[in-house]
Amino acid sequence: MEALITRAQEYAHGRPRRYFAEIGEKLSRLRRAGRQREYLEDLGVYLERRALLHDDLDIEEVGKLRDDAEMAGHTVATRSGLLATILLRRSDPTETSILLDRLKTLDQASGVAGAIGFRYALAEFCDARLADDRDRLAALRQEIDRVPIRTRPWVPVECFLESAGLPVRPVPTQWLEPYNVVRRRWEEHLRAYLTRFGSKLS
């Protein structure tokens, strides 16, 4: 349990190395134990993080997760699969818009008082940022400011919006390192992601 907490804290602070070094063993253990729902959830998180931070994810791998998650009725894994698909940017704009709408609907159905979730926020930010659509980014910030509680997975989205000059309403957060250090790390991850698709952090 302590290792899980450490991995989660480090990832939120922009240091994903331990997460990627250790997640394969966890996925193997869950699969061997036949813990299918936990396996799908952790696999979904792994694929969405790979889609954002690495350039080595195959769309077929994400498609299989989405199919398996749909068959199992696993909403969290389905949402992760949608996020990973959007981040990979293999769809045309019309299909991406449909995927975003579906992700937003599932997030709102699962969230507090119909609020959006961090997966939709991340997908919408990345798509709008690559489209250089300032109006969508501003609208996203307004939606996030209405979210009653933002937990650790929101940190990258918050840092990304601040990098775009659109800081969100601060919420009480326990920072293990100075916020400016964490923000700079996530800005570097964002720069690498945008560069992959021919854009850059301005």
Side-chain angles (χ1 to χ4, degrees), residues 4-16 19 41 44-45 48-49 51-53 75-87 89 96-97 99-195 197 199-202:
L4 173 63
I5 292 169
T6 301
R7 278 199 305 267
Q9 289 174 336
E10 287 183 359
Y11 185 89
H13 285 68
R15 292 187 285 130
Y19 171 80
E41 184 164 343
V45 172
E48 69 186 38
R49 290 177 176 181
L52 177 66
L53 298 175
T75 305
V76 173
T78 298
R79 288 155 63 198
S80 289
L82 289 167
L83 171 55
T85 303
I86 293 163
L87 291 176
R89 300 190 62 78
T96 297
S97 180
L99 294 170
L100 280 165
D101 286 345
R102 177 141 191 261
L103 179 53
K104 184 175 188 178
T105 300
L106 290 174
D107 264 11
Q108 288 174 320
S110 303
V112 179
I116 62 170
F118 72 89
R119 288 180 179 86
Y120 168 74
L122 179 56
E124 173 66 3
F125 174 88
C126 289
D127 191 63
R129 180 65 185 76
L130 284 164
D132 201 22
D133 192 328
R134 193 78 180 170
D135 291 340
R136 281 173 63 190
L137 293 173
L140 176 62
R141 179 181 64 174
Q142 289 182 338
E143 281 194 274
I144 291 173
D145 277 343
R146 291 194 294 269
V147 174
I149 298 169
R150 294 201 309 267
T151 53
R152 189 180 290 132
W154 281 95
V155 170
V157 180
E158 294 170 6
C159 293
F160 291 172
L161 277 164
E162 185 160 334
S163 77
L166 295 165
V168 294
R169 169 185 54 82
V171 294
T173 305
Q174 181 182 9
W175 296 104
L176 304 179
E177 299 176 72
Y179 171 70
N180 286 342
V181 172
V182 176
R183 191 194 72 236
R184 279 196 301 273
R185 280 195 197 115
W186 279 113
E187 284 178 358
E188 285 302 312
H189 293 313
L190 177 60
R191 182 176 286 107
Y193 176 79
L194 295 175
T195 300
F197 297 106
S199 185
K200 62 184 180 195
L201 194 61
S202 55

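No experiment lies behind these values; they were computed from the predicted model shown.
Partners of Asp132 according to the side chain to side chain donor-acceptor pair (under 3.5 Å) rule, which considers only residues two or more places apart in sequence or in another chain, do not exist here. Annotation: side chain to side chain contact (heavy atoms under 4.5 Å, CB included) contacts of Pro148 (sequence neighbours excluded): Val112, Ala115. By the salt bridge (charged side-chain N to carboxylate O under 4.0 Å, His left out) test, Glu188 pairs with Arg191, sequence neighbours left out. Applying the salt bridge (charged side-chain N to carboxylate O under 4.0 Å, His left out) criterion to Arg141, with sequence neighbours excluded, gives no partner residue. Shown here are the side chain to side chain donor-acceptor pair (under 3.5 Å) partners of Asp107, two or more places apart in sequence or in another chain: Arg79. Every residue meeting the salt bridge (charged side-chain N to carboxylate O under 4.0 Å, His left out) condition with Arg183, not counting sequence neighbours, appears here in chain and number order: Glu162, Glu187. Scored by the side chain to side chain donor-acceptor pair (under 3.5 Å) test, Arg169 finds no partners at all (sequence neighbours excluded). The side chain to side chain donor-acceptor pair (under 3.5 Å) search around Thr85 returns Arg66, not counting sequence neighbours. With sequence neighbours left out, the salt bridge (charged side-chain N to carboxylate O under 4.0 Å, His left out) criterion links Arg102 to Glu70. Phe125 meets the ring pair (Phe, Tyr, Trp, His ring centres under 6.0 Å) test with Phe160; sequence neighbours excluded.
Atom CG of Leu176 sits about 5.0 Å away from atom CD of Gln9, to the nearest 0.5 Å. Note: Leu122 CG to Leu52 CG = 5.5 Å, rounded to the nearest 0.5 Å. The CZ atom of Arg185 lies 16.0 Å from the CG atom of Leu190; values are rounded to the nearest 0.5 Å. Here the straight-line distance linking atom CG of Leu166 with atom CG of Leu140 works out to 9.0 Å at 0.5 Å rounding. Between atom OG1 of residue Thr105 and atom CG of residue Leu82 there is a gap of 10.0 Å, rounded to the nearest 0.5 Å. Remark: Ser163 OG to Leu194 CG distance equals 8.0 Å, nearest 0.5 Å.
Across Ala51 and Tyr193, no two heavy atoms sit closer than the pair O-CE1, 3.9 Å. Contact record, Pro153 with Pro156: O-CD, 3.4 Å, taken as the closest heavy-atom pair. When all heavy atoms of Arg134 and Ala164 are compared, the closest pair comes out as NH1-O, 2.6 Å.
At a threshold of 4.5 Å between non-hydrogen side-chain atoms, the residues Ser110 and Thr75 count as touching. No side-chain heavy atom of Glu10 sits under 4.5 Å from any side-chain heavy atom of Tyr19. Proximity of Cys126 to Leu87: side-chain heavy atoms (C-beta onward) are separated by under 4.5 Å at one or more points.
Residues in residues 116-128 take part in these salt bridge (Lys or Arg N to Asp or Glu O under 4.0 Å) pairs, two or more places apart or across chains: Glu48-Arg119, Arg89-Asp127, Glu124-Arg136, Asp127-Arg136. The side-chain hydrogen bond (donor to acceptor under 3.5 Å, both in side chains) analysis of residues 151-161, with sequence neighbours excluded, yields the pairs Arg150-Glu158.
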Q. Side chain to side chain contact (heavy atoms under 4.5 Å, CB included) between Val45 and Tyr11: does it pass, once the steps are laid out?
A. CA-CA 12 Å; Val45 172; Tyr11 185 89; over 6 Å; no

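The residues Arg184 and Glu177 are annotated as not salt-bridged, no charged nitrogen and carboxylate oxygen being separated by less than 4.0 angstrom.
Side-chain rings of His13 and Trp186 stay apart, their centers remaining 6.0 Å or farther from each other.
The closest donor-acceptor contact from the side chain of His189 to the backbone of Leu53 lies at 3.5 Å or more, if one exists at all.
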